Every structure is written in structure tokens, then in C-alpha cells.
Chemist: 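I am attaching a structure below and will ask some questions about it afterwards.
Below, each value reflects all heavy atoms present in this structure, side chains not excepted, and no hydrogens, waters or symmetry copies. The shown structure was predicted, so the numbers you read here are calculated from the model rather than taken from an experiment.
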Amino acid sequence: MYIYADNAGTTKMSPVAIDAMTKCMNEVFGNPSSLHSTGQRAAEVLQKAREDVAEALGADFNEIYFTSGGSEADNQAIRSAALFGAKKGKKHLISTKIEHHAVLHTLKKLEREGFEVTLLDVGADGIVDPADVEKAIREDTALITIMYANNEIGTLQPIDEIAKICKEKKVTFHTDAVQAVGHVPVNVHAQNIDMLSLSGHKFHGPKGIGVLYVRKGVPLFNLIEGGAQERGRRAGTENIPAIVGMAAALKEAVANMDENMVKIAAMRDRLIEGLSTIEHSRLNGDAKKRLPGNVNFCFEGIEGESLLLLLDEKGIEASSGSACTSGSLDPSHVLLAIGLPHEVAHGSLRLTLCEENTPEQIEYIIKEVPGIVSYLRDISPIWEELEKGEKKHVI
Amino acid sequence: MYIYADNAGTTKMSPVAIDAMTKCMNEVFGNPSSLHSTGQRAAEVLQKAREDVAEALGADFNEIYFTSGGSEADNQAIRSAALFGAKKGKKHLISTKIEHHAVLHTLKKLEREGFEVTLLDVGADGIVDPADVEKAIREDTALITIMYANNEIGTLQPIDEIAKICKEKKVTFHTDAVQAVGHVPVNVHAQNIDMLSLSGHKFHGPKGIGVLYVRKGVPLFNLIEGGAQERGRRAGTENIPAIVGMAAALKEAVANMDENMVKIAAMRDRLIEGLSTIEHSRLNGDAKKRLPGNVNFCFEGIEGESLLLLLDEKGIEASSGSACTSGSLDPSHVLLAIGLPHEVAHGSLRLTLCEENTPEQIEYIIKEVPGIVSYLRDISPIWEELEKGEKKHVI
Amino acid sequence: MLYSEKVMDHFRNPRNLGKMDDADGIGEVGNAKCGDIMKMYIKVKDGIIEDVKFNTFGCGSAIASSSMATEMIKGKSIDDALELSNKAVVEALDGLPTHKIHCSVLAEEAVKAAVKDYYDKNGIAYDKEKFAPGSCPTCGE
Ligand SMILES: Cc1ncc(COP(=O)(O)O)c(C=O)c1O
Ligand SMILES: Cc1ncc(COP(=O)(O)O)c(C=O)c1O
Ligand code: FES
Ligand code: FES
């Protein structure tokens, strides 16, 4: 059996998106800045895609800026809000400890440039408390950036409450919704979101394309200077085929969202149930307030990478918060933030599902994981100590 | 007849590139950072494409950084060199007046941040004098950035001489080769180029993807922070399909370059000859030291946009340095830099050819342009004054 | 498409195009430096604009705006012609892109300049205020 269960890493493009994109590459190759028919045809297609994306987000089309992906959108949003804040003497930024590196590293850099950054803790459930957000706000707070849904443990943050606080306190609010858009309902206007980042390849759209939504009236600075594309805020010839492919995928995702959410969440819950029978395991992140497709477990006494490689042998493609997968040796900052000790954080497994997965696949995973976990524990000196009682079980 | 003659604006993707990309979207959808088979397959494909691109440029594969296009590459190269220069107290940057806005606007922004920028003049032939470059170098010069070939008038700059000067004077040299790569020979190591930008869609590859080549040992700073992709220097999930499509297009372009250059230059020269018979017209940029496919003319007494629209009616798709086409009212900074007065600079026509164009198309253009120019002159009050002798002809 | 069908129609088939040898008033506005000059000729009889012609150096919307403006004032009284606003021209053209609005301003000014020339030539007194050299909203000239 072959099971792709790493949909938070990236998704397979939907046939609808591939078709839209291929058609575009063949037929709408013009540069929308060109005056001739081929260029103007491209401009029309671009406008249509912009309107489709705006509609899917509950935004106006002129609040949509196409970027090269989620990382660029995060960088531009945060840097922009920081710079405009600094102009008014506001140099304080608020975020959480569980953000994606595109957010955390941008904040780290701004810190070196003289900004002050408050990174809020999250609870053991992986969720930030809106009261903590409110308490952290200062006179000089320029931006609050908090992710919509976490990419590792899938927890959904209380975006509505946080956005309301930001609105009351008149602080710009950005959310990295890369993992959320296309999977759970998002409506930027209704939810009072000022800025939002998304990425095409997380909902069966193409890679290398994303969106930064910026509410009308919120100033935006350029990360990439040059031509007057995207109303002068993002230079570079527009990537029409990818934009069209993303718009098609997003439309499809939103149209099928209700149905998919139910179907995927059912598989998720069965998978959580099945893996919970493994002793000294634990589900990371709140069991209910999480993305429909996210399952994240820790198994004490084993290390994530070996688990992934053995699963891969069985045809199960998953990922891990484990350091080794990312070239760094530190365990996941997200798992540490929810209070896991280092040695446990190393033994994590992330299975992220989509509507293409089947209940049969879930049963197969439930059948295969325990054996692999046992095997790895058998060869693990840590497990030996734990079993002998020389060390205490943490979970 | 339908003639696409705006290949400097963007090109139609080659079937080889579309196939490579579509195949990739269907089969190699993994995230190369993922450890499982699908991810590792993507990592292999990425590495192969990196090697192909490196080979086409005469670089090592670990000197290749994939970006979202030419603009991003230009921004990153210039900002990076400026920042590393500033660390050593070097805050002087040298460039020319005819660069692309991705370069000029980045320099303008750095100027506001405290850098000093020298923009060199070019001759009436649209070419910068290496002696001027040498004279402009100071103790505190951090970077020299000069384009390989101009996007409006197609002039090829004396890159070899300039790079040699930079090497001797130990100043980092970047070239925006967006218009050159795939069209004329480029070899970064042989030519002593430290940094080079290119963009996929200018040689029948996909949009939204480009390359920044950075010689080993030249430090590079991140424009986009986040994940550890591109050896930690450019965050964001790798756009494998576009990278593969670009690599395929570049390979194809390089393989056919000798043949295409001869074929395209012959059409270019015939087109220049044909348009030169129009009175009070002039070719912009050196007649020989120019891209094989670039033809750029000014016609006194007329305005570029109307010319483009009427050509489009005849099936000829071209572009103009005319302000009106770009949403700004200033005429092309390039045409002004080669000494054209404003009113003449408004009447420019850029025809940019590729190997898909045919000699029949060239004859058709030569047949159609004069009539349209006459018509526009007939209805132009400026032409009336010129003809009555109330104003002097400039060209 | 950048331009509406109306704009393209007036651009392709400009109405009242050409010079007029026996014009009663000629107005020229714009400036070659910024890429647009309009020259408008009017023939006036009993306060009515009997005929109008124009020549334009400029972009598609400049040509279409001048064409539309001539159509809108032909056969009208001078007073009516002076009421012609650039807004009306834009509306009649089914809209113009934002950065092209100034072309319609030029059309309005060309009409005014032609009328002013007619008044000057015929020694007719007029309210100078109304003809204050409108500075171009785009370039300020
Ligand atoms: C010389 C030059 N530099 C940079 C660019 C920007 O490339 P891109 O549009 O791929 O960002 C272009 C093309 O638009 C160009 O011609
Ligand atoms: C929460 C989150 N933010 C940002 C990103 C970055 O998106 P991209 O890789 O498209 O730049 C990702 C995915 O990698 C993500 O999961
Ligand atoms: S007169 Fe033409 S833009 Fe001002
Ligand atoms: S004449 Fe150039 S914008 Fe109208």
C-alpha cells in the first residue's frame, strides 16, 4: 500500500489545478503589462483569478497581492508592519513561540535591527490564550502576528478573539494562514483580519505562489522593488499560470470544504484513536481544536527519523517534528513550546491527511505503526532504562 | 497574419519546458525537505536541475540559488552586497542610468537608507564605457551592478572588461543578465562575474522562477527569511516544477544558441534595414552590439501607444518605451539616457524577435509600419509643425 | 482589455479628424514633453459650433477623448460646449483607466482653448476666470 500522509508538507496538485495551469502556459503566455492582445488577454485572466481568490477569502480583489509563496508573504507582511510602526515610534512586535520559521526568523532579524519582540507562550494544548495577547499589548505595539493553524500540531488559534482585541486596541493583526486556507473556513473581513498569508501548494495548488491579503487602508511596503506590478507593491512579471492554478485549486477546496472537513476529520479521529492504544504515546495539540487532517504523536523512547524511514519502507509517507529532517539538530520548537522535554520531542510523528486518503489507509497505518514503534524501542537504550525504571516515563 | 514580437516582454513557453513542468506537477510533487520517498525523489530532481542550470552558466551547482524571478534576484544581490559592504564601512554603489527598475528602485531605496549611488551615463550608442566604471570606483565602493544586455534597446554591455576591472579593484560585480541568458553566451566563471540574475520566462521557460548565481566566497544575505531551503539563503518550499521547466528551457536555449543567434540576427538586421527607410526615424542603441532579437526605433512626431494599438490591429504584437503603456507618464529612462529629447522618446517601438519568428513576418512588419506611422503623423499636430518648419526635426 | 469598446471605436475611427483651414478658433493644449498634444479647430456661426476638427499627438485614450469631445460639442452652442467636462467625456467613452484620465482633461481644455481663441479673435469679452489655464492634473503644467 502507498499512502501519502504528509499533506502539511505539501500536497499533490489537483487535476483541475494542473489543467488550468497547463492551459494557461499554452494559451495565455502574455505579460499582463503589455498593451497588445496577448498581453491584455493575460491581464484579464489575472484579474479573474484575483477576483476568485478574493471571493474565497471574503476580501476585495484589490486587497490581494500575489507573492511567490507563504514565506515571502509572511516576510513582507511583518517587515512592512514593523517599518510603518517604526515611523510612528512603535517598535514592539507580538507573536507566539509556535510560529513557522518564516515568521520567527523575520522577527529575530527585526530584533537585531532594534525592534522588541514578545513571543507568547501557548498552553499544553498548543493554543495561545487571547488574554495573554491582550496583556502583552503596549502603547508601542506595531503588530501582532499569530498563525491561524499550526503546521506541526495542527492547533487552531483563537483568531476571532485575537483579531477583535487587535481591532479594539488599534494594533495591526497579521495571521499566517498557510495551513488553514482551503481547509477550514476563513473570511478576512468578517474575522477582522488586517493581513493574511497563504500558499498555493498547501491546498492542491501549485508551488511557488502565494497571497498576501492586506486590508484596504493598511499600508504595505515592498519586499521586492522594481516594476509596478501588484499595484506597485510587488515587482516581478506576474506568474499567471501559477496564479490561475492556485485560484482554481482554492475555488475547488472552498467548494468541497464542508464535505471534506467531515470526511477528513473522521479519518483523523480514527487514526488518533488507533495510535492512542500504543503505550507511552501522546497526541500533541488539542484533540478537537485542530486541523481536520492533522495527527501528531509522540512515542517515548524512539527518535523520529528512524520511525519515518521505516514507515516509508511500508509505503507510509509521513513527517516528524524531528530535527534531523530539517538539517538542524534541535527538536521542534513547537513541541518544546507545549512543554515536551527534549527527549520526547525527538520522537514525534506527524501524519497529515487530505480527502484523497481512505479509511483503508488509516487502518493500514494503525496496523503498521505499533510494530515499528516496538522495534525501535527494542533497540533503544533509552527505552531500556525507562522499562527498568532507571528513568521515569514522561508520557 | 499574427506576429508575436514582444519576446523581451515575455516568451511563449517551449513545448519541452511545458512537458517537463507538467510531468513534474503530476509525478514529482514532493517537498524536497521531506525524508520520505516522494520528498527524496523531489530532492533528486531539484539537484539535477541545479546541476543543469549551473552547467549552462559555467558555474558550480552550489553557486545557484533559485528565486521567484529576475526582480527578486536583483533585489537580493544588490541588497546583500550593500549590507555586507556596509559592515566594512563601504557604502558606495555603482550602476548605470539604463538599468531595469528592479535594480534602479533597489538602489534608490538604499540611497534613502544612507548609501551613496553613482549612476553612470552611457554613450549615444547605449553602451557604458569601462573607463568610466574604473574612474567611478572608490575606496568605499561595495558593489558594481551593470546589466548584461538592456531590455529596451538591447545593447550588450562590455561585461568582460568591467568584470576584469572589478576583479583587479576587488569590488563585487553583479550583472542583471535577465535579457542575455539563453540568447548570447554567458560563462560566469570565465567572465569573472561574482553575481548574476536571470529569469525563466525570458527564454521560453516558465514565469515566477529565476536564478541568482553567487560565486563561492561571496557572502549572501536573505531577502526572504524562514526555512533552510537553498542552503539557508532563500526560504520557501522549492518550486520544483518551475525549476525543472526553467532548466529544460535553458538547456534547450543553450543547445540551439549558435544556430538561433545567426537566424534571429539576420531577421533583426533585415527589420532594421526595412524600418530605416521611414524618414525621421532612428534605430536606438548600437546597431551591432545588441541582442540578436532586439529592434528599437523612434519615429518623430508620433506617440508609442497609438502605434502599438494600431499594429495590434494588424496582428503585430510589439511594445514601446512609451510612458503611456506603463501607467507612468515619463518616457523611458533608457531613451532619455541615450540623449533623446522627451518628445522623441515618446515615439518608440520595440520589436523583439525569437527563433519562432519568420522572414515572412519580418517582411509583413516592414510593409505595415510605414503606413501606420504616416497616418499617425498626419493626425499629429507636432508633425505639422515639424513639416512646416516651425519646429526643427531632431532625427 | 485596457480600453472599452467605445474607446477603441473612437481610436480606430476618430470622428472629425483633420485640420480646418478657415477655423474661427484654434486651441492647442498639452505638451510634447509628456507625450500628448491636442489641437482643436472650431467653426462658429451665430454662437453655434457648426463644425469642429482635431489633430492629436498622443496615446489611444488621447485620440479617443479628442474624437469624443468633438462629437459632443458639434452643433452645440458655445455655452453648451463650455459646459463640457472631462467627466462627461470619460462617461461617454464608457470609462478610462485611472492613469489615462488626464487625457480627457486635455480634451476638455482643448475645447475651452478653441473657444477662447475665437473670443479673442472676435474681441468678445469673457470671464477670464473660466479660462484660467488649467494646470494638468498629472504633470502640473
Ligand atoms: C533586464 C531585466 N531585469 C529584470 C527583469 C525582471 O524580471 P522578472 O519580471 O522575472 O522579475 C526584467 C524583465 O522584466 C528585465 O528585462
Ligand atoms: C504555517 C506555515 N507558514 C509558512 C509556510 C511557508 O510557505 P512556503 O513554503 O510556500 O513559502 C509554511 C509551509 O511551509 C507553513 O506551514
Ligand atoms: S499635459 Fe500631458 S500629462 Fe500634463
Ligand atoms: S497621451 Fe499618454 S497617457 Fe494619454
Chemist: Do you know which two heavy atoms are closest between B/P241 and A/K207, and how far apart they sit?
Modeler: CD-CD, 4.4 Å
Chemist: Side chain, backbone, both or neither: which part of B/A318 has a non-hydrogen atom closer than 4.5 Å to chain A?
Modeler: backbone
Chemist: Does the ring centre of B/H36 sit less than 6.0 Å away from the ring centre of A/Y4?
Modeler: yes
Chemist: Just verifying a value: how many Å separate A/I224 CD1 and B/L223 CG, rounded to the nearest 0.5 Å?
Modeler: 6.0 Å
Chemist: Taking side chain as C-beta onward, heavy atoms only, is B/D6 less than 4.5 Å from A/N31?
Modeler: no
Chemist: Which region of A/N75, side chain (C-beta onward) or backbone (N, CA, C, O), has a non-hydrogen atom less than 4.5 Å from a non-hydrogen atom of chain B, or is it both or neither?
Modeler: side chain
Chemist: Which one of B/G30, B/G69, B/G315, B/S319 has the most heavy-atom pairs closer than 4.5 Å to chain A?
Modeler: B/G30
Chemist: Chain A: which of B/T67, B/V103, B/T106, B/I316 shares the most heavy-atom pairs with it under 4.5 Å?
Modeler: B/T106
Chemist: Ignoring hydrogens, what is the shortest heavy-atom contact between B/N239 and A/G208? Give both atom names and the distance.
Modeler: ND2-CA, 3.5 Å
Chemist: Rounded to the nearest 0.5 Å, what separates atom OG1 in B/T11 from atom CZ in A/F29?
Modeler: 8.0 Å
Chemist: Taking side chain as everything from C-beta outward and backbone as N, CA, C, O, which of these in B/E238 sits under 4.5 Å from a heavy atom of chain A? Side chain, backbone, both or neither.
Modeler: backbone
Chemist: Could you tell me which portion of B/R79 (side chain, backbone, both or neither) has an atom closer than 4.5 angstrom to a non-hydrogen atom of chain A?
Modeler: neither
Chemist: Counting heavy-atom pairs closer than 4.5 Å to chain B, which one of A/K12, A/K108, A/H101 comes out on top?
Modeler: A/K12
Chemist: Considering only heavy atoms and a distance below 4.5 Å, find which of B/A102, B/G236, B/P206, B/G39 pairs most often with chain A.
Modeler: B/A102
Chemist: Please identify, among B/I209, B/D74, B/T22, B/T237, the residue contributing the most non-hydrogen atom pairs under 4.5 Å to chain A.
Modeler: B/T237
Chemist: Looking only at heavy atoms, what is the nearest atom pair of B/S68 and A/R234, with distance?
Modeler: OG-NH2, 2.9 Å
Chemist: Side chain from CB out, backbone as N, CA, C, O: work out which of these in B/K109 comes under 4.5 Å of a heavy atom of chain A, or both, or neither.
Modeler: side chain
Chemist: With a 4.5 angstrom heavy-atom cut-off, which part of B/N26 approaches chain A: side chain, backbone, both or neither?
Modeler: both
Chemist: Given heavy-atom pairs under 4.5 angstrom as the criterion, report whether the side chain, backbone, both or neither of B/Y2 touches chain A.
Modeler: side chain
Chemist: Nearest 0.5 Å, please: how far is OG in B/S71 from CD in A/Q229?
Modeler: 6.5 Å
Chemist: Is there side-chain contact between A/E317 and B/S37, with at least one heavy-atom pair below 4.5 Å?
Modeler: yes
Chemist: Sort out for me which of B/M21, B/M25, B/M13 touches chain A most, counting heavy-atom pairs under 4.5 Å.
Modeler: B/M25
Chemist: Please check if the side chain of A/H105 supplies one atom and the backbone of B/G226 the other of a donor-acceptor pair under 3.5 Å.
Modeler: yes
Chemist: With the side chain counted from C-beta on, respond yes when B/L35 and A/D312 share a heavy-atom pair under 4.5 Å apart, and no when they do not.
Modeler: no
